[in-house]
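Because the structure is a prediction, the values reported are computed rather than measured.
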Amino acid sequence: MATAIQRFFGKKTPDEMVKKWRQEIRAQQRGIQRQIHAIDTEEMKVKKAIKQVAKKGDTKNCKTLATELVRSRKHKDRLYTSKAQLNSIILQLEHQLATLKVAGSLQKSAEVMKLVNQLARLPEISQSMQQLSMEMTKAGIMEEMISDTMEMMDDEDIEEAADEEVNNVLFQITDGLLGEAGTVGPAIVSRPAAEEEDYEEEDEGPELDLMQKRLQALKG
């Protein structure tokens with residue numbers, strides 16, 4: 001086994017390969033944490049914008065931003081889960097190092113295969129996980145990934161963010177001014193159509209649109 005791995009990876013030993021994978025995975029964890037931090041920063045800006053726009057009675061833009069906020073939070077949950085899964089792979093690799101000293105070779109791991117398959121569906125680290133999968137398959141730790149597990153996570157569940165969830169977010173951020181099961185608080189006064197159009201296009205529209213795009217971009 002060791003000879004076969006060395007033929008594939010050059011002069012690297014199984015021990016060196018496991019340490020290499022561990023370092024790469026930790027780098028991925030740091031990258032995910034930076035992504036989470038960037039999303040947190042942008043979410044703070046969106047919350048502030050929602051409060052400001054709510055006071056002006058612009059329910060349309062408020063809902064648009066709140067919907068992006070819900071989607072962003074769901075994506076952030078995925079990132080936290082992926083970070084934990086990466087840590088689980090590191091623990092499995094630590095076990096591989098211990099086993100290597102006794103057995104003299106790397107052992108096949110169904111748990112590693114399962115985790116790598118799941119992580120390969122996250123756009124931010126998909127390419128790295130596919131490369132890791134190829135190397136681990138060659139090393140005998142896991143079997144070749146099934147094609148349908150390589151598909152990216154689809155965002156249908158995020159695209160259809162429930163109105164109730166969006167309204168709850170609005171209610172919390174605006175201190176009850178908007179939201180609460182889709183109702184609009186009595187303090188909100190509807191703008192005349194022409195005034196609303198001018199407000200959206202000239203005052204807040206471009207800035208809010210840019211903010212929405214930045215938040216979308218952070219979700220990969």
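In the model, S72 has no side-chain atom that pairs as donor or acceptor with a side-chain atom of E68 under 3.5 Å. With no hydrogens or angles considered, no side-chain donor-acceptor pair links Q35 and H75 at under 3.5 Å.
In this view, D15 and K19 satisfy the side chain to side chain donor-acceptor pair (under 3.5 Å) rule, not counting sequence neighbours. The salt bridge (charged side-chain N to carboxylate O under 4.0 Å, His left out) check on R30 picks up nothing, with sequence neighbours excluded. With sequence neighbours excluded, the residues forming a side-chain contact (heavy atoms from CB on, under 4.5 Å) with T81 are Q85, listed by chain and number. Q33 meets the side chain to side chain donor-acceptor pair (under 3.5 Å) test with K83; sequence neighbours excluded. Judged as a salt bridge (charged side-chain N to carboxylate O under 4.0 Å, His left out), and not counting sequence neighbours, E111 has no contacts. Shown here are the salt bridge (charged side-chain N to carboxylate O under 4.0 Å, His left out) partners of K114, two or more places apart in sequence or in another chain: there are none. Under the rule for a side-chain contact (heavy atoms from CB on, under 4.5 Å), the partners of Q131 that lie at least two apart in sequence or sit in another chain are M134, E135. For E94, the side chain to side chain donor-acceptor pair (under 3.5 Å) partners two or more places apart in sequence, or in a different chain, are R22.
Note that CG of L91 is 11.0 Å distant from CG of L86, once rounded to the nearest 0.5 Å. Remark: Q96 CD to K108 NZ distance equals 10.5 Å, nearest 0.5 Å. Remark: R34 CZ to L79 CG distance equals 12.5 Å, nearest 0.5 Å.
Under the 4.5 Å side-chain criterion, counting only non-hydrogen atoms from C-beta, Q29 is in contact with N87. Using a 4.5 Å cut-off on side-chain heavy atoms (C-beta onward), I141 and Q92 make no contact.
Under the 4.0 Å criterion applied to side-chain N and carboxylate O atoms, K20 and E24 are assigned as salt-bridge partners.
Under the 3.5 Å distance criterion, the side-chain polar atoms of S126 are matched with a main-chain donor or acceptor of A120. Between the S133 side chain and the M129 main chain, no donor and acceptor come within less than 3.5 Å of each other.
None of L93, V112, I90, I89 except one satisfies the side-chain contact (heavy atoms from CB on, under 4.5 Å) rule with W21; the exception is L93.
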